[in-house]
Structure formats: structure tokens, C-alpha cells
Amino acid sequence: MVIPLKEKIIDGYMLRKFLVITQFSCKYFNLLFVVIYQNILLFLLAVPQIYLLKVDSDTTFSLFDAFIAVLYVGLVSLESAADKQQQAFQRKKYKTIKDGDLLVGDIKAGFLRSGMF
């Protein structure tokens, strides 16, 4: 098997070697970045609550707490709406490509350039 790539010839052995290295790298990237980093973020999300439970056990719910809760819910809702918008665009893009229609605007560019992004 010979694959021409930018005026270079890559044989099957080199390609298989590259794919093995890439798969190996992806597994370590997943382990080191995604798993550990997300666990650190989740821990940091819980630290304020742990601090309040340990240090100041007689804290009451204040107006500031209500503001932060409403802000958090609002931001999560905004992110959810943006995700839905992106998903609708991707579905439309792949349907247009599959149907063989003319690609124009954002679909021709391949990504959404307007909206919540």
C-alpha cells in the first residue's frame, strides 16, 4: 500500500506506525488532560461549599447567594441555547452536503459565524 502525500510516499508500515503512536498519544492525552483536569475542576467547584460547611456553619442564605444562583442558571441556560443552535447548524450543514445542494454562507465556510458564538 502506497499513499502519496504532498510529494512524499508513505508506505503501509510507516502509516501503521504513525497510527499506533497517535492512538497511544490520544489515550495519554485523555488520561492526563481530560480526566485529571476535569476532576480538578469539579474539586474546585466544590471547595467553596466545603469551606462554608467547615468554617462557618451558621451562614444564612443571602441576597448575594440568590444573585449568584440566578446568574449561574442563566449562564447554563445560555450555554444550552448556544449548543442547540450549533447542533441545528451542524445538522443543516451535513444534510446540505449529503443532498448535494449548493454550499453558501456559513455552510460554505464550514462553521457558524453568527448567533451566540
Side-chain angles (χ1 to χ4, degrees):
M1 176 172 121
V2 176
I3 300 173
L5 182 65
K6 291 186 182 178
E7 296 139 17
K8 292 183 179 180
I9 296 180
I10 299 175
D11 64 359
Y13 172 75
M14 290 173 63
L15 183 62
R16 283 190 298 275
K17 185 177 176 183
F18 174 75
L19 290 176
V20 168
I21 291 171
T22 305
Q23 290 173 353
F24 187 71
S25 300
C26 287
K27 287 180 183 179
Y28 275 107
F29 174 78
N30 186 28
L31 175 68
L32 295 175
F33 181 74
V34 176
V35 173
I36 294 172
Y37 185 71
Q38 285 185 347
N39 280 315
I40 290 170
L41 286 177
L42 287 172
F43 173 73
L44 292 175
L45 185 68
V47 166
Q49 289 80 15
I50 294 169
Y51 175 77
L52 287 175
L53 287 173
K54 300 263 183 196
V55 174
D56 196 9
S57 60
D58 61 342
T59 303
T60 59
F61 191 76
S62 67
L63 186 61
F64 179 73
D65 296 328
F67 171 74
I68 294 297
V70 168
L71 179 66
Y72 178 77
V73 169
L75 290 173
V76 168
S77 300
L78 184 68
E79 182 181 356
S80 176
D83 287 346
K84 286 180 183 178
Q85 187 181 42
Q86 179 68 12
Q87 185 178 27
F89 170 76
Q90 291 296 330
R91 283 185 180 153
K92 181 179 177 184
K93 179 178 83 171
Y94 284 109
K95 184 180 183 307
T96 304
I97 292 170
K98 182 180 177 185
D99 294 344
D101 295 339
L102 183 64
L103 303 177
V104 293
D106 288 343
I107 295 175
K108 185 176 182 180
F111 55 90
L112 196 57
R113 296 179 287 191
S114 62
M116 295 185 180
F117 296 87

- Do any N or O atoms from the side chain of Ser80 and from the backbone of Val76 form a donor-acceptor pair under 3.5 angstrom? no
- Taking all atoms of both residues into account, what is the closest heavy-atom pair of Leu44 and Pro48, and its distance? O-CD, 3.4 Å
Can you tell me how far apart [atom1] ([X]) and [atom2] ([Y]) are? Round to the nearest 0.5 Å.
X: Arg91; Y: Thr96; atom1: CZ; atom2: OG1; answer: 13.5 Å
X: Glu79; Y: Gln86; atom1: CD; atom2: CD; answer: 12.5 Å
X: Ile36; Y: Leu41; atom1: CD1; atom2: CG; answer: 12.5 Å
X: Leu63; Y: Phe67; atom1: CG; atom2: CZ; answer: 9.5 Å

- Task: Test Phe43 against every option in Leu45, Val47, Ile40, Asn39 by the side-chain contact (heavy atoms from CB on, under 4.5 Å) rule and name the one that passes.
- Result: Val47
- So among Ile107, Leu103, Leu112, Asp106, which one has a side-chain contact (heavy atoms from CB on, under 4.5 Å) with Lys93? Ile107
- Message: Run the side-chain hydrogen bond (donor to acceptor under 3.5 Å, both in side chains) test against Lys84 and tell me which residues pass, sequence neighbours left out.
- Response: none
- Residues that Asp99 engages under side-chain hydrogen bond (donor to acceptor under 3.5 Å, both in side chains), provided they are two or more places apart: Lys95
- Task: Could you identify which residues cluster with Val104, counting Ile, Leu, Val, Met, Phe, Trp and Tyr as linked when any side-chain heavy atoms lie under 4.5 Å apart, either directly or through a chain of such contacts?
- Result: Leu102
